[in-house]
There are 2 protein chains.
Amino acid sequence: MDAESKPYHHGNLRTALITASLELIRAGGPAGLTLREVARRAGVSHTAPYRHFRDKDDLLAAIAEDGFLRLAAEIRRASALGEDPPMRLRLAGIAYVAFGFDHPAEFDVMFSVVPDRALYPAAKAAADEAFRSLLALTEELKRGGGLTGHAPDVAARIAWAHVHGLAVLAIHRQLAFQNRQDLLDFAGQSTLALLAGLAK
Amino acid sequence: MDAESKPYHHGNLRTALITASLELIRAGGPAGLTLREVARRAGVSHTAPYRHFRDKDDLLAAIAEDGFLRLAAEIRRASALGEDPPMRLRLAGIAYVAFGFDHPAEFDVMFSVVPDRALYPAAKAAADEAFRSLLALTEELKRGGGLTGHAPDVAARIAWAHVHGLAVLAIHRQLAFQNRQDLLDFAGQSTLALLAGLAK
DNA sequence: CTCAGATGTTGTCACTGTCAACATCAGTGT
DNA sequence: ACACTGATGTTGACAGTGACAACATCTGAG
């Protein structure tokens, strides 16, 4: 085929659809996402997406899954740079907030758009993996003596809620930060305070 | 008019529309909200809502405003029961989480559905009032010596993010609580740890 | 080299948000 | 007492949407 003619098959539609979806959500929020517009951007007919996703929610679940996998990777990457357990947990928390700030569209989809995660096992599994990355760090903290009075899984949920709230509020501009660095500095302070409290 | 005939004017449409909207969101999430279905439930034609709300977002903003006002009231009510500043702040935090758990539909709308709060001054004012209720408590905490190393407004934002994350994750069933009381107990533990950290 | 399954298209349907034009009512000024 | 004006509600229309069914095209396993 020459450069002008389009092949009947796209070749990489599924990925292209996810990419286009993220663009749309970034531009107009979750409400700005339209299967037909997604198809248009991928240069494909308005029902082509149904060959790759059962319905709109299924597409959102795929985006969420992808997001969780990348979040988990990001947490592990960042925490590995820390020199002791408290520092590793803090770096993980800051990475979480940074991920939310850097990928607000994915983040929104990951936590609020998908209706019932139980219906989307792949997305659920990815979310669980992200949580386990955090849990591993509180378990390590416990062993290192930096955690008294709380079980590691309790501490993991506390820490998760903490950074999650920060990320959500920052994304929706409730916290009036000027820039990314201000937010991350704030996350650093905030997680430090929480760690002090968890240590006793 | 007798009981069967409908008057031409509804009499209390605005309120009825908000009530019906909340029912719909509770049942089917924000995506389940449809202006036409709302109108149907209020027993009114499909364009009647436009006499009370500029468009769908305007209706959502009204729901958000109402929610923030009730949240602020709830925070003040609960915190007034505490005997010292740390306890008052803790009770406020628990009340925040309880509000999210008890009114998940409103909560969702308040924080994620309204696209740009700046366009809806009434909703923004209500949100600011809720935040000020929290800020008053951290200022009091500072005066009482329960807050070192952070300015009251920083502490207020940290506390807000903390309980907000808890509420959001609980609403979306990420935290696997069996019931309301488990969640509130958890919020109690969690805010205690944070307060300890903020005290130094 | 065939042909079955995977991938993409056309056409259609019920439903949605919104607008314009019109109908009815409630209350105020005289 | 009463007319009239603004507030409230209705009818009808339009373009855009998610989803389905029927059909077209391609690809690779045997």
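Bear in mind that the values here come from a model prediction, so they are computed numbers and not experimental data. Every chain is numbered from 1, with letters handed out A, B, ... down the list of sequences. As a basis for the values below, the full set of heavy atoms in this structure was taken, side chains included, without hydrogen atoms, waters or symmetry mates.
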Expressed as a whole number of angstroms, how long is the span from [X]:[atom1] to [N]:[atom2]?
| X | N | atom1 | atom2 | value |
| --- | --- | --- | --- | --- |
| A:Arg14 | C:dG8 | CZ | P | 13 Å |
| A:Leu35 | D:dT17 | CG | P | 10 Å |
| B:Asp57 | C:dT16 | CG | P | 17 Å |
| B:Leu13 | D:dG9 | CG | C1' | 8 Å |
| B:Leu59 | C:dT16 | CG | C1' | 15 Å |
| A:Arg36 | C:dT16 | CZ | P | 16 Å |
| A:Arg40 | C:dG8 | CZ | C1' | 17 Å |
| A:Glu37 | C:dT16 | CD | P | 22 Å |

> So which pairs with a foot in residues 19-29 of chain B pass side-chain hydrogen bond (donor to acceptor under 3.5 Å, both in side chains), sequence neighbours left out?
Replying inline: B:Glu23-B:Arg41
>> Which residues end up grouped with A:Leu91 if you chain together Ile, Leu, Val, Met, Phe, Trp and Tyr wherever their side-chain heavy atoms are less than 4.5 Å apart?
In response: A:Leu81, A:Met87
>> Apply side chain to side chain donor-acceptor pair (under 3.5 Å) to residues B:Gln181 and B:Asp185 and explain how you reach the verdict.
In response: CA-CA 6 Å; B:Gln181 195 53 51; B:Asp185 288 348; 2.9 Å; yes
I'd like to check the salt bridge (charged side-chain N to carboxylate O under 4.0 Å, His left out) partners of [X]; sequence neighbours left out, ordered by chain and number.
| X | value |
| --- | --- |
| B:Lys56 | none |
| A:Asp55 | none |
| B:Lys142 | none |

> In residues 46-56 of chain B, which ones come under 4.0 Å of DNA chain D, going by heavy atoms?
Replying inline: B:His46, B:Thr47, B:Ala48, B:Arg51, B:His52
